[in-house]
2 protein chains.
Amino acid sequence: MLLLLKFAVLLLTLGLCQGNRQPNILVEDVEDVEPAFEPSRFGSLWPLPQKVKISQDSFKLGSSFRIVDGKGSSAGSSCNILQNAYRRYYEYIFGGAKRQGLGKNRRSAPSELTELRVYITSADSECDGYPSVKSDESYDLSVVQPFAVLRAPKVWGALHGLETFSQLVYEDEYGAKSINATAISDFPRFAHRGILLDTSRHFLPVKVILANLETMAMNKFNVFHWHIVDDPSFPYLSRTFPQLSQQGSYHPYTHVYTPADVKMVIEFARLRGIRVIPEFDTPGHTQSWGKGQPDLLTPCYSGATPSGTFGPVNPILNTTYDFMAQFFKEISSVFPDGYVHLGGDEVDFTCWKSNPDIQKFMDAQGFGKDYSKLESFYIQKLLNIVTTTKKGYIIWQEVFDNGVTLKPDTVVHVWIGSGTNEEMSKVTAAGYTTILSAPWYLDYISIGQDWRNYYKVEPLNFNGTEKQKALVIGGEACLWGEFVDATNLTPRLWPRASAVGERLWSSKDVTDLNDAFNRLSVHRCRMVERGIPAEPLFYSYCPREYKGL
Amino acid sequence: MLLLLKFAVLLLTLGLCQGNRQPNILVEDVEDVEPAFEPSRFGSLWPLPQKVKISQDSFKLGSSFRIVDGKGSSAGSSCNILQNAYRRYYEYIFGGAKRQGLGKNRRSAPSELTELRVYITSADSECDGYPSVKSDESYDLSVVQPFAVLRAPKVWGALHGLETFSQLVYEDEYGAKSINATAISDFPRFAHRGILLDTSRHFLPVKVILANLETMAMNKFNVFHWHIVDDPSFPYLSRTFPQLSQQGSYHPYTHVYTPADVKMVIEFARLRGIRVIPEFDTPGHTQSWGKGQPDLLTPCYSGATPSGTFGPVNPILNTTYDFMAQFFKEISSVFPDGYVHLGGDEVDFTCWKSNPDIQKFMDAQGFGKDYSKLESFYIQKLLNIVTTTKKGYIIWQEVFDNGVTLKPDTVVHVWIGSGTNEEMSKVTAAGYTTILSAPWYLDYISIGQDWRNYYKVEPLNFNGTEKQKALVIGGEACLWGEFVDATNLTPRLWPRASAVGERLWSSKDVTDLNDAFNRLSVHRCRMVERGIPAEPLFYSYCPREYKGL
């Protein structure tokens, strides 16, 4: 197949077998995965679309090739999202090389593809809106001579279709940009396909966040879960409480996200169909909050006197809730997404137990010695506060486990356990919308192709009715920040997260590991060519290696 | 201590305690290493010199600060190694900022350090030579007002002294470059301190190799073990046998090291006191050799007929030895180091066993069914060939284990087993010089601070006499290439390899993990400031984060 010519060299050189020269310790991951690279019949499409038909007829993309608004499209030249995307994908396709058109009157060659025409087919293109969990992301792509047609109800689907189109383009043996006649009909299996990055344990320069949003778009992810603050640092510059980052960040100027930074991240993401969901995790994981907000955290006691250290948010003071009300009012206006992530995980009761005022409060409330009741008391009040901001909320599974009363539209985020598990059954049986992260903690690393384990996960593989399964709206790959910063985050995330991306987008029956290896190998090199240091899957090479360090 | 002012912010922000939010799977590495960052009394020196005395008196480095040849030094302005190093360290110290001197007649302030004077004290500075296993790398550094003095018998020690000097410079709270009065006397514990990089499983652009040589110098490594070819690809462009890379590389133009490339790597390394030891591993690990050199590899048989696949180098043909003689003659002239690494590991006998000609040869030689005898037969002939080139050789431990006759100056490279072990006893008891890599396979990764495990290794912790221990000349950190290329190699190698660097350089009693953490944290940020994406040890920040992705 002509489509596959560009992979010919890879094929020739990757078919070898060889040892690994490793000491006699655990190597199962390595040993069982001798790559037998051969081109996939789906080329380098990633994630695999729902329906793909690729013919052997190939067309060339000449120097006058253009991506244009289709006549009658509901989004035109004033639609920033599309115009930006046209430029972006033109540059990806032609490698940023400046190409001069030969004039409009030049006759196109018989096997030339002259245009990609983009039609937004519904009356409201949503061009000026934000993506949401309900966004229509579907699209149809038809590559026929002399022009290809991309149709999508909304701009969100058009963005995905442009990425898919760019993935169909290859270089023939003379370096000519080529594409095969193709028909694709596509939509995501799950609506929530996220990446969690943690900017508290290590600050990530805005440049790094943007590059990863760009890469998320290449993998059809649509949620950036921004775990923006946590114990180690508070880099979010709050207009209402500037002392939080002034005192709680690693550095109040060089290691903070200003309102302008946050705005830029949100707009950059919107242009790529990506939602930005911030997480402000309480009452635990809040050490850094305490520095700039006196009395917010619980003073811990050593015997009868305060020890000078602090525990979780102090749930017994009215000032705590006044603060939270003001703070989340700001958050609800800064972040346009319909949801905010409220955390609620891993609350350590040691400090609460040590504090005599807390003990009195527990007695007064009749909580006895059950501190999870105190935790629930706090969370309940917080949820009520956030509800007044008209936002939905996502919480880590402990909040559900502890029996806190939740709004029916609450999203429960399952993270404990290494695979899908009973928790998914329980949460969905209780009628809550669920997202899954437990099998996708990408901060756990090991030698070998661990992407295969992420890929093998079937999110709906738990005991439950069809109705329960319909409550699983997707998942997130989490890259916690203990061991990653600007130096190593991007190659550690990609292409490992790509495996999660396909699992969440493609049809349930797309499970062929060999085919995935073949497509992902080329997809990885495409990310590298686009300037993203996506790490290798196994020994191999890219025609154009990464230019950085 | 004034020296520590620059660490004050890190100290303030790193003293926190917090959870890790990880699923309930193996986290022992993470849990036991809550960092309690506090400045080391040795500042950010890495690896720690043998003798250090730092006083509280501090001096400033003004804009007219210079590194100059001391009067009477045996190396002067014609010594490239030193002049290049002066420029390099001047730029590291002053961050590449252009600083204008205020004229030579300006009076220096009372607490100003105006010069670092460098004296090479032995008659032969070795300025135009290559480093060797016998090089004198010692130096003495005295920082007193108004000028510091660096004395070293040879340029190699001076290079290390310049690095040490640059590590003593810090910024005071006003950003002024400062240094404390210091007396250092230093030399390496082990003579062979290496990094193995594998350019066969993934091709590494020359730029990546050079950046890692630069980083090796920052960590006082002195051997680049260049595992240049292996099964997957043969990127070494041989002048004698150009077909080897023409046919055996991933790509004959973009994925090869030309003679000019190799020369550049060697000279770049020499300027930093680093030896380049190439490894041409035979008879196994040679699949890529067979493509450009017909009849070099053993044809495997399936029953009575050749299967079309090939095994190790064919040891029964005279043409094999003619080829090796010519090939290693070239290698011995291209690579100036006194040693070449000949590999000899992991020979798979399956193919040999299948081949009827090999069986006949075995019978004729009286080897019976013991294929390790055939392996030894081959290796013996190869060693004899290499001996005629006047090179010493290093071999992987299997060659010794199999009882091959070795020259007395052979270096045996121990790699099997996860720690130091019986093999070290055996090899040294037999009187051979030894280098250790078994505990330092850096391609094995896991979440957590695995550098601590590398650091805890005591290379001489095996049963043996003092005479045996004296045969251990050092070790190497190995980063095999299955899963690393230009996208992720550098952050995966550093600062993990830095732990090995200190173990091989510093005194045996430098074992304080907390002090090491504190120094290495700052050393890591220094590498980042110098443009090297060295990954973080744990949650923290660098005053100036990495600028790339």
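What you see below is based on every heavy atom in this structure, not just the backbone, and it leaves out hydrogens, waters and symmetry mates. Below, read A as the first sequence line, B as the second, and so on, with proteins coming before strands; counting in each chain starts at 1.
Proximity to chain B involves both the backbone and the side chain of A:V208, based on heavy atoms less than 4.5 angstrom apart. Interface residue A:H255: only side-chain heavy atoms are found under 4.5 Å from chain B. In this structure, chain A has a heavy atom under 4.5 Å from the side chain of B:R492, while its backbone stays farther away. In this structure, chain B has a heavy atom under 4.5 Å from the backbone of A:L537, while its side chain stays farther away. The parts of A:P536 that come within reach of chain B are both its backbone and its side chain, each placing non-hydrogen atoms under 4.5 angstrom from that chain.
In terms of heavy-atom pairs under 4.5 Å with chain B, the best-connected choice from A:A211, A:A534, A:G481 is A:A534. With chain B as partner, the option from A:N488, A:I532, A:I445 having the largest number of non-hydrogen pairs under 4.5 angstrom is A:I445. Residue with the most contacts toward chain A among B:E535, B:K547, B:K207: B:E535 (heavy-atom pairs, distance under 4.5 Å).
For the residue pair A:W396 / A:E398, no side-chain donor-acceptor distance below 3.5 Å is found, with atom types taken as modelled.
Taking the six-membered ring where the residue is Trp, B:H413 and B:H225 present tilted rings, their angle falling between 30° and 60°.
Ring centroids of B:F483 and A:Y539 are separated by 6.0 Å or more, keeping the two rings apart. Taking the six-membered ring for Trp, B:F517 and B:F538 have ring centres at least 6.0 Å apart.
Smallest separation of non-hydrogen atoms from B:L479 and B:V484: CG-CG2, 4.1 Å.
With sequence neighbours excluded, no residue forms a salt bridge (Lys or Arg N to Asp or Glu O under 4.0 Å) with B:E545.
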